Every structure is written in structure tokens, then in C-alpha cells.
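Each remark here refers to the structure printed beneath this line.
In what follows, residues are counted from 1 in the order of the sequence shown. For clarity, every value in this text was computed on a predicted model and none was experimentally measured.
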Amino acid sequence: MATESRGTEDGTRPKVTITAIAQEAGVSVPTVSRVVNGRSDVSPETRARVEDLLRLHGYRRRQSAPGHRAALVDLVFNDLDSPWAVEIIRGVEDVAHRDGVGTVVSAIHGRAGSARQWLKNLRARASDGVILVTSVLEPVVHEELRRLNVPIVVVDPAGSPALDAPTVGATNWAGGMAATEHLLGLGHRRIGLIAGPARLLCSRARLDGHRAALEAAGVPFDPALVAQGDFYHESGFHGCDQLMSGPTPPTAIFASSDQMALGAIEALRRRGLRVPEDVSIVGFDDLPEVRWSAPPLTTVRQPLADMGKLAARTVLRQARGEEIESPRVELATQLVTRASTTQPSGG
């Protein structure tokens, strides 16, 4: 129990933990974390019980007093080798700069020990908040982040975040559906898909939206028209080759990222095929470079910079001890039509 309030030999009160408070209150650790961070999704009765225990044991919220001005936030990616990451950084930095807050950008790469080294640096910096553009972290990292009680926001979560943190994402299902509906509306019926990593929630949602659009149009879903990719150029190139090597290749391809779409365009060029005259291509993201591709790419705009801005505003509100508007936010995607799509030849 958390009732060990006797002083230590130097007269100070022992540090109480969120875990101990949760045990005494009869609630989960994430519930106590929500109360500590000013989240609104806790019942009034539970909030009052937890708040009473926090006061009783002298729990000190980590820099969460109203009016506190954050000075530093951490922005953490798996990798930084993508224009997608640059757009997120741009959005976060825009908000942080206006608030006079510094931003530390890190990439943990998935290499052994890199996440733990980042945690060590985080403790040394005493950051006021963390924006994770990944939620694929070792369990020990999750536990340490909970223990540190640093406000956290997850951008584009891989699945249900283990940290019980606010999330910012995009309407991936609706975007996948819009991309495929666009191609169906042009008359395409054999539509290939180059999917993103199956472990990611956004990839599965785009696939599900694609499939829903086909079913709504009465077009059977054909697993042979799905190639697996990883969001990067090379997988788009190889995925397109796979799709075009079948006995009845598609007349259009929806690539689940702009980078894969550009890889697919190069694969078609090397086959002597033209975009969009022979094969139409749709991407996903609307990265700045795709409006200058040859041809300019039809794509689904994912508001990456806006996602970064909202994540920054949310983590700064938490750092100031303010309530956030919603623990789960999805920003709207939008189809942007350019020159890489047209009716199928002969259509």
C-alpha cells in the first residue's frame, strides 16, 4: 500500500509511486496516470478518490502546475530517412517555436539498446514532454516512461498504445476508400494494392478501406492483386513488378504511401509502360515532392504537419497541467487529383 508516509532518516518523506497509489485506490496504473496528467476520461468518483490519495501521500506531479511553461520536448521516431518524418517535425517545431519551447529530435532505429540510451538521455534532459512517432517499444521502455511520469503523445500509433497516452492519427480507412473509389469511378476494375507493413494500424486501415470500396462497387477482392511493401521506394518498385507479372495485370495501382507510388512509377517506366495511359497510380501522404513527379501524383493527402502541430499542442497542455480536448484524434484525409490517373485504355 501507499501509506508509508513515515519520514526517512533525513526527515524527508519517501517517494510514493503511481503504482502504489493505484493499488491503494483499487484502480489501474493508467487510470492514476490519467488523473495525474489532467485527462478528462475518468469518472468524477474515481478522480476524487485518486486525488485524495495523491494529496495524502504528497505526490508531486512532474512539472504539472497550472501556468508552468514547458522548456523542452522530445520528438522520437523509429527512423528519420523519410520526407514523412520531416513533415511531422515541421509541424511540431512550428508550435514549439511559437511557445518558446526547444525540440530534441531522436531516432531509435530499433537497434538493441538505442531506446534505453534515449531514455537515459531523456532523464538527463528532464524534458517536459515526449511525442512518440512510434509505439513499437520494448515493454521495459514503456515501464520506465510510466515511472518518469512524463506527458506523452503518440502520433500515428501502430495499434492500441500500451502507454495509455493520447494519440493523433489520420482517417486512414476513409483515405484508402477514397483512393480506390477514385479509380473505380474512372472505370478501373482490376486495381492492384501495394500495402504497407501489416503490423501497423494505418496499413491495415488503408487496406480495409480499399477492400470496402471494391465491395461497395460489386468488384470482388482478389488477394492476388495485393503486394506487400514497407512504405519505401524499393518495396513499391518490387511490389509493382509482382503485380504486373501476373497473367492479368492491373490497369491501376493504389500504393499505400507516396514513396511506394514513386517506386511503382519507376518499375512501370522500366517495363516500357506509361503512367497514366497504360497504368494509373494513386499514392498516400501528399508529400511535397509528388507534385513535381513525372507525372504529378494523384494521392491521398495525410495532414502530417497538422498532426505534428496537434501533438505538440497536446503535450504542452499536459505539461502545463491543463486538460486536453480528446484522448483520441483523427484528422481528415483528402484525395488530391493530379495527372497520374485516367480512364483505363480502351475505357
Side-chain angles (χ1 to χ4, degrees), residues 82-84 170 172 174-197 202-203 205-214 217 219 221-246 248-302 304 333-347:
S82 166
W84 185 91
N172 290 289
M177 189 169 190
T180 303
E181 284 180 335
H182 170 67
L183 294 170
L184 290 164
L186 291 171
H188 295 279
R189 290 299 177 267
R190 285 193 60 77
I191 301 172
L193 172 71
I194 306 176
C202 62
S203 300
R206 292 170 200 179
L207 169 60
D208 289 344
H210 165 75
R211 186 168 187 162
L214 292 175
V219 177
F221 174 76
D222 184 355
L225 288 175
V226 178
Q228 189 60 55
D230 62 7
F231 287 154
Y232 292 97
H233 294 89
E234 188 172 357
S235 70
F237 182 94
H238 293 303
C240 180
D241 262 351
Q242 175 187 327
L243 294 172
M244 300 306 297
S245 297
T248 52
T251 62
I253 294 174
F254 166 36
S256 293
S257 77
D258 284 349
Q259 289 181 286
M260 292 197 301
L262 296 177
I265 290 174
E266 177 60 17
L268 292 169
R269 186 190 68 80
R270 294 194 190 185
R271 285 175 170 265
L273 297 173
R274 300 165 300 165
V275 177
E277 293 85 355
D278 298 314
V279 182
S280 289
I281 298 285
V282 179
F284 199 109
D285 285 330
D286 196 26
L287 299 175
E289 65 195 79
V290 301
R291 70 192 68 178
W292 306 109
S293 62
L297 184 67
T298 295
T299 188
V300 176
R301 181 177 185 270
Q302 183 174 203
L304 297 169
T333 52
Q334 179 183 10
L335 182 73
V336 180
T337 305
R338 297 193 180 100
S340 67
T341 52
T342 191
Q343 294 177 333
S345 56

Starting from the C-alpha separation in whole Å, work towards a yes-or-no answer on salt bridge (Lys or Arg N to Asp or Glu O under 4.0 Å) for Arg271 and Asp241.
CA-CA 9 Å; Arg271 285 175 170 265; Asp241 262 351; 3.0 Å; yes
Candidate pair Asp285 and Val300, rule side-chain contact (heavy atoms from CB on, under 4.5 Å), full reasoning:
CA-CA 6 Å; Asp285 285 330; Val300 176; over 6 Å; no
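Between Thr333 and Ala170, the closest heavy-atom pair is CG2-CB, 4.0 Å. Scanning both residues, Thr342 and Pro276, for their nearest heavy atoms gives CG2-O, 3.4 Å.
A 4.5 Å side-chain heavy-atom check between Leu214 and Leu184 finds at least one atom pair inside the cut-off. The shortest distance between side-chain heavy atoms of Ser280 and Leu183 falls below 4.5 Å. Side-chain contact between His210 and Met177 is absent, with no heavy atoms from C-beta onward closer than 4.5 Å. Residues Val226 and Leu243 have side chains not in contact (no heavy-atom distance under 4.5 Å, counting atoms from C-beta outward). Val279 places none of its side-chain heavy atoms less than 4.5 Å from the side chain of Arg274. Looking only at side-chain heavy atoms (C-beta outward), Leu207 and Leu193 come within less than 4.5 Å of each other. Side chains of Val282 and His182 form a contact here, defined as non-hydrogen atoms less than 4.5 Å apart. Within the 4.5 Å cutoff, the side chain of Leu273 has no heavy atoms near those of the Arg269 side chain.
Interatomic distance, NE2 of His233 versus CD of Glu266, reported as 10.5 Å (0.5 Å rounding). Atom CG of Leu335 and atom OG1 of Thr337 lie 4.0 Å apart (nearest 0.5 Å). Considering CG of Asn172 and CZ of Arg206, their distance stands at 4.5 Å, rounded to 0.5 Å. Here the CG atom belonging to Leu262 is positioned 12.0 Å from the SG atom belonging to Cys240, to the nearest 0.5 angstrom. In this structure, CZ in Phe237 is found 15.5 Å from CD in Gln259, a value given to the nearest 0.5 Å. For the atom pair Glu277 CD and Leu268 CG, the distance stands at 11.5 Å (nearest 0.5 Å).
Distance alone, capped at 3.5 Å, is enough to place a donor-acceptor pair between the Ser235 side chain and the Tyr232 backbone. A donor-acceptor distance shorter than 3.5 angstrom exists from the side chain of Thr180 to the backbone of Gly176, with no hydrogens or angles considered. Although no hydrogens or angles enter the test, the distance criterion places no donor-acceptor pair under 3.5 Å between the side chain of Arg189 and the main chain of Val219. Although no hydrogens or angles enter the test, the distance criterion places a donor-acceptor pair under 3.5 Å between the side chain of Ser203 and the main chain of Pro197.
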Which atom pairs, donor and acceptor, lie under 3.5 Å between side-chain atoms of residues 249-258 and protein residues at least two apart or in another chain?
from   : atom 1 : to     : atom 2 : distance (Å)
Thr251 : OG1    : His188 : ND1    : 2.7
Ser256 : OG     : Ile194 : O      : 3.1
Ser257 : OG     : Phe231 : O      : 2.9
Ser257 : OG     : Met260 : N      : 3.1
Asp258 : OD1    : Phe284 : N      : 2.9
Asp258 : OD1    : Thr299 : OG1    : 2.6
Asp258 : OD2    : Asp286 : N      : 2.6
Asp258 : OD2    : Leu287 : N      : 2.8

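Every residue two or more places apart in sequence or in another chain that forms a side chain to side chain donor-acceptor pair (under 3.5 Å) with Arg190 is listed here: Thr248.
Side chains of Thr298 and Thr341: a donor-acceptor N/O pair is present below 3.5 angstrom, by distance only.
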